[in-house]
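This report refers to the structure that appears directly beneath it.
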Amino acid sequence: MAFAPRTAAQVAGVSSSLLGWVLACLTNYLPQWKSLNLELNEMESWTLGLWQACVVQEEVGMQCKDFDSFLALPVELRVSRALMFLSHGLGLLGLLASGCGLDCSRVGEGRRGRKRRLLVLGGALSGAAGAAALVPVSWVAHVTVQEFWDDTVPEVVPRWDFGEALFLGWFAGFSLLLGGCLVTGAACWPRAPRAAGQDPAAETQHLRPPLEMKNTRLAV
């Protein structure tokens with residue numbers, strides 16, 4: 001049980017990174033980045049995402065329409081698309097590197113230096129993926145706040161508000177950052193010293209059949 005704390009930190013970091021990566025993927029495609037409720041018609045509401053706009057009506061349900069032009073979108077939505085895809089790619093590479101660097105993984109077994117470098121690389125990639133997910137979410141939220149409190153817009157004009165996808169994106173970004181920190185910290189965690197008198201060759205000796213038994217089987 002000497003490696004239990006180190007292994008637990010590695011598994012917790014990879015699990016947090018995996019959760020953040022899945023939530024970041026969901027955030028990218030959810031159309032609830034912004035929400036708009038009409039006071040004149042309380043039975044109808046609008047939502048806006050990176051890829052489509054939707055109208056929700058009590059009798060009809062949700063109807064969505066994809067954006068016709070990428071260049072016609074506001075700059076924050078265009079950049080957010082690229083950053084979210086960057087987050088997905090970095091997060092996936094971070095998960096692969098961290099998974100191969102785990103102490104309980106057989107990949108690169110016996111090469112501690114390489115496994116440690118894989119953990120550090122995986123943690124750095126997961127942290128970068130978290131930052132790439134937090135930037136677009138926070139940028140869209142900042143623009144929404146500015147437009148909501150814009151004094152030049154008449155009060156009768158409906159204002160966009162935060163959507164559920166923004167909160168999901170924040171949680172995803174922080175999960176990726178937490179996972180990256182845990183994995184990197186576990187890579188720097190010193191290994192427990194081997195017990196006195198314990199020979200590494202002796203540990204695997206019992207796994208090999210004795211030569212006499214092998215010769216006996218051949219004779220039979």
Side-chain angles (χ1 to χ4, degrees), residues 1-30 32-33 49-51 70 75-144 162-194 200:
M1 300 300 293
F3 301 124
R6 174 187 170 95
T7 304
Q10 293 177 4
V11 173
V14 173
S15 301
S16 179
S17 298
L18 177 60
L19 175 62
W21 182 76
V22 172
L23 294 180
C25 292
L26 291 176
T27 302
N28 186 17
Y29 295 103
L30 284 177
Q32 288 88 10
W33 282 58
L50 299 181
W51 304 95
F70 173 78
V75 62
E76 68 272 10
L77 297 185
R78 283 181 286 166
V79 176
S80 295
R81 286 187 180 185
L83 289 177
M84 291 304 294
F85 277 123
L86 178 63
S87 175
H88 301 341
L90 293 175
L92 181 59
L93 292 176
L95 287 173
L96 293 177
S98 300
C100 295
L102 291 175
D103 289 344
C104 55
S105 173
R106 290 188 174 275
V107 178
E109 191 174 11
R111 300 179 178 179
R112 296 182 179 179
R114 178 176 297 180
K115 293 177 76 69
R116 180 180 179 276
R117 288 192 293 270
L118 285 174
L119 283 177
V120 173
L121 176 62
L125 290 174
S126 296
L134 288 174
V135 169
V137 174
S138 302
W139 189 2
V140 173
H142 175 70
V143 173
T144 304
F162 289 171
E164 293 83 356
L166 293 183
F167 300 99
L168 188 64
W170 277 318
F171 186 80
F174 285 119
S175 295
L176 285 167
L177 286 176
L178 176 61
C181 292
L182 287 175
V183 171
T184 305
C188 300
W189 196 313
R191 290 176 176 268
R194 191 177 299 274

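Model, not experiment: these values are computed from the prediction.
- Side chain of Ser126 to backbone of Leu176: no donor-acceptor contact under 3.5 angstrom is found.
- Taking the side chain to side chain contact (heavy atoms under 4.5 Å, CB included) definition, one finds that Leu177 meets it with Leu134, Phe174, sequence neighbours left out.
- Leu30 and Ala165 make their closest contact through CB-CB, 4.1 Å (heavy atoms, listed as atom of the first residue, atom of the second, distance).
- To the nearest 0.5 Å, the span separating CZ on Arg114 from SG on Cys100 amounts to 11.0 Å.
- Taking CH2 of Trp21 as the start and OG of Ser175 as the end, the distance is 14.5 Å to the nearest 0.5 Å.
- Checked against side chain to side chain contact (heavy atoms under 4.5 Å, CB included), Tyr29 has the following partners two or more places apart in sequence or in another chain: Trp51, Phe85.
- The two residues Ser80 and Leu50 come nearest to each other via the heavy atoms CB-CD2, 3.7 Å.
- Taking both residues in full, the closest heavy atoms of Ala24 and Met84 are given as O-CE, 3.3 Å, listed atom of the first, atom of the second, then distance.
- Every residue meeting the side chain to side chain contact (heavy atoms under 4.5 Å, CB included) condition with Glu164, not counting sequence neighbours, appears here in chain and number order: Gln32.
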For residues 166-173, which side-chain N or O atoms pair as donor and acceptor with protein atoms under 3.5 Å away, sequence neighbours left out?
from, atom 1, to, atom 2, distance (Å)
Trp170, NE1, Ser138, OG, 3.1

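- Taking both residues in full, the closest heavy atoms of Ala187 and Val120 are given as CB-CG2, 3.7 Å, listed atom of the first, atom of the second, then distance.
- Heavy atoms only, all atoms of each residue included: Ser98 and Val183 are closest at OG-CG1, 3.7 Å.
- Scanning both residues, Ser16 and Gly179, for their nearest heavy atoms gives OG-N, 3.6 Å.
- Between the side chain of Thr27 and the backbone N or O of Leu23 there is at least one donor-acceptor pair closer than 3.5 Å.
- Leu90 pairs by the side chain to side chain contact (heavy atoms under 4.5 Å, CB included) definition with Leu86, Leu125, Ala128, Ala129, not counting sequence neighbours.
- Leu119 places none of its side-chain heavy atoms less than 4.5 Å from the side chain of Arg116.
- Separating the NZ atom in Lys115 from the CG atom in Leu102 is a distance of 7.0 Å, to the nearest 0.5 Å.
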